[in-house]
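What follows is a short report on a single structure.
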Amino acid sequence: MDAVLAPPRCPATLHIPLPSGARSALQARQAAARMLALEPAVCPRGVAEDLVLIVSELVTNAVLHAKGPYALTVSAGEGRAGVAVSDGSGDLSGRESGMPRIGSGGRGLNIVRALGADLFISRMGSGKHVIAVLTW
């Protein structure tokens, strides 16, 4: 009897640069939702909704608390997804010095954690990546 090995499925991946300002979170949410809708077998609907919320929170944090340029990467495979938002600030404290706090805020990363995501921050060049990993 011959054995056949199926190649592992490649994860669905999205990578886009983001504009500065309020429209970046909307653009990021729409792009992530579109990608996840095109790959329904990769990610259950409820998880996809959580991922879109995570994208929104991380992009909003980057635009409010760090300088650009900004970019979003979403990668989803069977049982696992990652969201990475990059910005041009090397500050790992979450607040770019000299940038005023806007609104009451302060709950974004708590929301991401409450959705079950693990959070990581990684330096890259003069900026950083904020990464959320969700498994199911």
Side-chain angles (χ1 to χ4, degrees):
M1 176 178 211
D2 293 341
V4 177
L5 296 176
R9 286 192 67 177
C10 295
T13 302
L14 164 75
H15 180 76
I16 58 170
L18 296 170
S20 296
R23 293 195 46 83
S24 61
L26 173 63
Q27 181 180 341
R29 281 192 309 271
Q30 290 173 338
R34 199 169 29 253
M35 181 204 84
L36 294 166
L38 292 173
E39 300 286 344
V42 172
C43 184
R45 183 178 177 159
V47 175
E49 291 169 357
D50 289 349
L51 284 170
V52 171
L53 179 55
I54 289 168
V55 164
S56 183
E57 293 298 333
L58 294 185
V59 170
T60 298
N61 280 352
V63 172
L64 289 177
H65 302 294
K67 62 185 178 182
Y70 309 101
L72 168 69
T73 303
V74 179
S75 183
E78 293 180 28
R80 183 179 205 160
V83 174
V85 176
S86 61
D87 62 54
S89 171
D91 179 20
L92 301 182
S93 71
R95 287 228 27 195
E96 183 67 18
S97 60
M99 297 186 78
R101 183 178 174 97
I102 300 171
S104 60
R107 294 177 297 274
L109 295 181
N110 289 334
I111 291 169
V112 172
R113 285 186 193 99
L115 292 170
D118 294 317
L119 283 168
F120 307 91
I121 300 174
S122 166
R123 286 191 192 273
M124 57 142 212
S126 61
K128 67 180 171 300
H129 293 292
V130 178
I131 303 161
V133 177
L134 192 59
T135 56
W136 61 93

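Quick note: numbers below take in every heavy atom, side chains included, and nothing from hydrogens, waters or symmetry partners.
The minimum heavy-atom distance linking Ala48 with Cys43 is given by the pair N-SG, 3.6 Å. The two residues Tyr70 and Pro19 come nearest to each other via the heavy atoms CD1-O, 4.0 Å. Among all heavy-atom pairs drawn from Met35 and Ala76, the shortest one is CE-CB, 4.4 Å. What you find for Trp136 and Val42 is that their closest heavy atoms are CZ2-O, 3.4 Å. The heavy-atom pair separating Leu72 from Ala28 by the smallest distance is CD2-CB, 3.7 Å. In terms of heavy atoms, Ala32 sits closest to Val74 at CB-CG2, 4.3 Å.
By the side chain to side chain contact (heavy atoms under 4.5 Å, CB included) test, Arg23 pairs with Leu26, sequence neighbours left out. Considering only residues two or more places apart in sequence or on other chains, Thr73 meets the side chain to side chain contact (heavy atoms under 4.5 Å, CB included) condition with Thr13, His15, Ala84. By the side chain to side chain donor-acceptor pair (under 3.5 Å) test, Glu49 is found to be paired with Arg45, residues two or more places apart in sequence or in another chain being considered. Partners of Pro17 by side chain to side chain contact (heavy atoms under 4.5 Å, CB included), not counting sequence neighbours: none found. Taking Thr60 as the reference, Ala25, Ser56, Leu64 meet the side chain to side chain contact (heavy atoms under 4.5 Å, CB included) condition, with sequence neighbours excluded.
One distance of note links CD1 of Ile54 with CZ of Arg113; it measures 11.5 Å at 0.5 Å rounding. The distance from atom CG of Asp91 to atom CZ of Arg123, rounded to the nearest 0.5 Å, is 8.0 Å. With values rounded to the nearest 0.5 angstrom, Ser86 atom OG is found 8.0 Å from Leu18 atom CG.
Leu119 and Met124 fall into different hydrophobic clusters, defined by Ile, Leu, Val, Met, Phe, Trp and Tyr side-chain heavy atoms under 4.5 Å apart, directly or through other members. Tracing side-chain contacts under 4.5 Å through hydrophobic residues (I, L, V, M, F, W, Y), one reaches Leu109 starting from Ile121; they form part of the same cluster.
Residue pairs meeting the salt bridge (charged side-chain N to carboxylate O under 4.0 Å, His left out) criterion with at least one partner in residues 79-88, sequence neighbours excluded, are Asp87-Lys128.
Clustering of Ile, Leu, Val, Met, Phe, Trp and Tyr by side-chain heavy atoms under 4.5 Å joins Phe120 with Ile131, Val133.
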Trace of the side chain to side chain contact (heavy atoms under 4.5 Å, CB included) decision for Leu53 with Ile111: CA-CA 9 Å; Leu53 179 55; Ile111 291 169; 4.0 Å; yes
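Taking 4.5 Å as the limit, every side-chain heavy atom of Val130 sits out of range of all side-chain heavy atoms of Asn61.
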